[in-house]
Number of protein chains: 2
Amino acid sequence: MSPARKPPQISLPVLNDDPRGWEVKVAVAVLQFHGRLERRMSEALSPHGVTLAQYDVLMTLWHGDGITQQELAERLLVTKANVVGLIDRVGAAGWVERRPDPCDRRANRLYLTDAGRKLAIEAQPGQFALVRKIFGGLSEEELQQMHAFLERLNGASTECG
Amino acid sequence: MSPARKPPQISLPVLNDDPRGWEVKVAVAVLQFHGRLERRMSEALSPHGVTLAQYDVLMTLWHGDGITQQELAERLLVTKANVVGLIDRVGAAGWVERRPDPCDRRANRLYLTDAGRKLAIEAQPGQFALVRKIFGGLSEEELQQMHAFLERLNGASTECG
DNA sequence: TATTGTTATACTCTATAACTATA
DNA sequence: TATAGTTATAGAGTATAACAATA
């Protein structure tokens with residue numbers, strides 16, 4: 001059972017109130033808000049004995065079982081070496097299992113167990129409720145606007161160079 | 001010299017594309033964007049040999065020297081025990097020093113050293129440039145809108161219960 | 001040769017609890 | 001008694017490098 005720890009540090013005052021324009025103000029606000037969001041999501045998860053990183057694994061597999069560790073590493077933007085430890089932990093908790101790929105004997109395919117699905121079903125409503133609560137202060141139209149902004153920023157922050 | 005590591009895991013697909021409304025979509029987008037932002041800020045910091053968490057410390061002290069470890073812990077939303085290690089590390093790098101509080105012999109006051117100020121001066125422009133680049137795709141008006149949304153969300157996510 | 005997964009090693013950050021010195 | 005800082009312990013997550021088995 002993973003011992004319910006707080007999320008990593010929130011990286012709040014990375015940039016302090018500075019006169020150099022709104023970009024920095026927004027960046028600070030994003031960092032600040034993300035810290036709180038992450039913290040509260042972690043707290044909501046902790047009664048289920050799962051960390052946010054582990055929940056990411058479960059949700060990725062919930063979205064689509066049977067991927068390899070390498071594929072999971074790519075989706076999580078983590079090295080394959082780290083996936084080993086991650087799967088060791090969710091595996092030890094009984095939520096995920098490795099099955100050898102019959103066509104490629106180097107590879108493992110990852111599957112949610114019944115317990116893993118059960119956990120996801122139990123934990124998801126709380127997560128959704130929390131998110132609805134936190135974002136409930138914005139209207140649907142405002143949420144759509146913010147979503148559009150973030151999509152554009154996600155595009156920009158993916159660019160190289 | 002702290003060895004320039006990547007930020008913690010990005011917590012991306014915590015909630016997957018789900019039919020239950022825009023709150024969840026926006027939450028996923030925030031998590032996603034924050035992951036990229038944090039990663040790129042860390043990368044920009046790593047040539048200076050400082051982590052994001054350590055940079056937080058430096059920026060907090062840049063903003064105002066002479067606070068106690070307890071006060072720093074409160075601002076960083078971290079336990080005082082963690083601040084000990086954090087200050088040990090930035091202290092070992094020569095960026096911050098503890099000076100005993102003359103009025104309260106239990107307390108330390110934290111000060112940026114010349115090297116710490118030098119580092120901040122060297123690292124800040126890169127951070128600001130990066131932020132301007134990432135957020136440059138949004139107009140000033142859009143940035144102001146987004147800032148307003150985030151401020152409202154920050155208020156909401158602070159509420160208890 | 002390239003790829004999948006593994007192990008080994010080391011570091012940062014976090015949490016809790018118990019402790020010391022001082023207030 | 002309460003507070004500031006420390007130490008001890010533990011665990012999660014990350015990175016790099018080298019390795020085995022397989023393709």
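Sequence lines set the chain letters: A, B, ... in the order given, protein chains first and strands last, and positions in each chain run from 1. We use all heavy atoms of the structure for the numbers below, so side chains are in, but hydrogens, waters and symmetry mates are not. Small disclaimer: the values here were computed from a predicted structure and weren't measured.
Picking from C:dA23, C:dT4, D:dT6 the nucleotide with the shortest atom distance to the side chain of B:V84 gives D:dT6. Side-chain proximity of B:A53 to the nucleotides D:dG5, C:dC13, C:dT4 is greatest for C:dC13. Across C:dT12, D:dT16, C:dT16, the shortest atom-to-atom separation from the side chain of A:A81 is found for D:dT16. In the set C:dT7, C:dT12, C:dT4, C:dT4 carries the atom at the smallest distance from any side-chain atom of A:R106.
Side-chain contact between B:F33 and B:L37 is present, with at least one heavy-atom pair separated by less than 4.5 Å.
Dashed line: the shortest gap from a side-chain N or O of A:T79 to OP1 or OP2 of D:dT16 is not under 4.0 Å. In terms of phosphate contacts, B:N82 brings a side-chain nitrogen or oxygen within less than 4.0 Å of OP1 or OP2 of C:dA15. A sub-4.0 Å separation between OP1 or OP2 of C:dC11 and a side-chain N or O of B:R89 is absent. The phosphate of D:dT6 has OP1 or OP2 within less than 4.0 Å of a side-chain N or O from B:R98.
The interatomic distance linking B:I67 (CD1) with D:dA4 (P) rounds to 13 Å, in whole Å. Between B:Q69 atom CD and D:dT7 atom P there is a gap of 10 Å when expressed in whole angstrom units. One interatomic measurement links the two molecules: NZ of A:K80 to P of D:dA21, which rounds to 15 Å at whole-angstrom precision. Protein atom CD of A:Q54 is 8 Å distant from nucleotide atom C1' of D:dA12, rounded to whole Å. When the C1' atom of C:dC13 is taken as reference, atom CG of B:L52 falls 12 Å away, rounded to whole Å. A straight line from CG of A:D101 to P of D:dT22 spans 13 Å, rounded to a whole angstrom. Going from atom CG of B:N108 over to atom P of D:dT7 covers 11 Å, rounded to whole Å. Between the CG atom of A:L86 and the P atom of C:dG5 there is a distance of 14 Å, rounded to whole Å.
Rounded to the nearest 0.5 Å, atoms CE (B:M146) and CH2 (A:W22) are 13.0 Å apart.
A residue-by-residue look at A:P102 and B:T68 shows that B:T68 has its nearest nucleotide of DNA chain D further toward the 5' end.
Of the possible polar contacts, one joining the B:T113 side chain to the B:G116 backbone as a donor-acceptor pair under 3.5 Å is found. A:E97 places no side-chain N or O within 3.5 Å of a backbone atom of A:L110 that could act as its donor or acceptor partner.
No donor-acceptor contact under 3.5 Å links the side chain of B:R105 to the base of C:dT22.
Note on B:R99 versus B:D65: no salt bridge recorded, every NZ/NE/NH1/NH2 to OD/OE distance being 4.0 Å or above.
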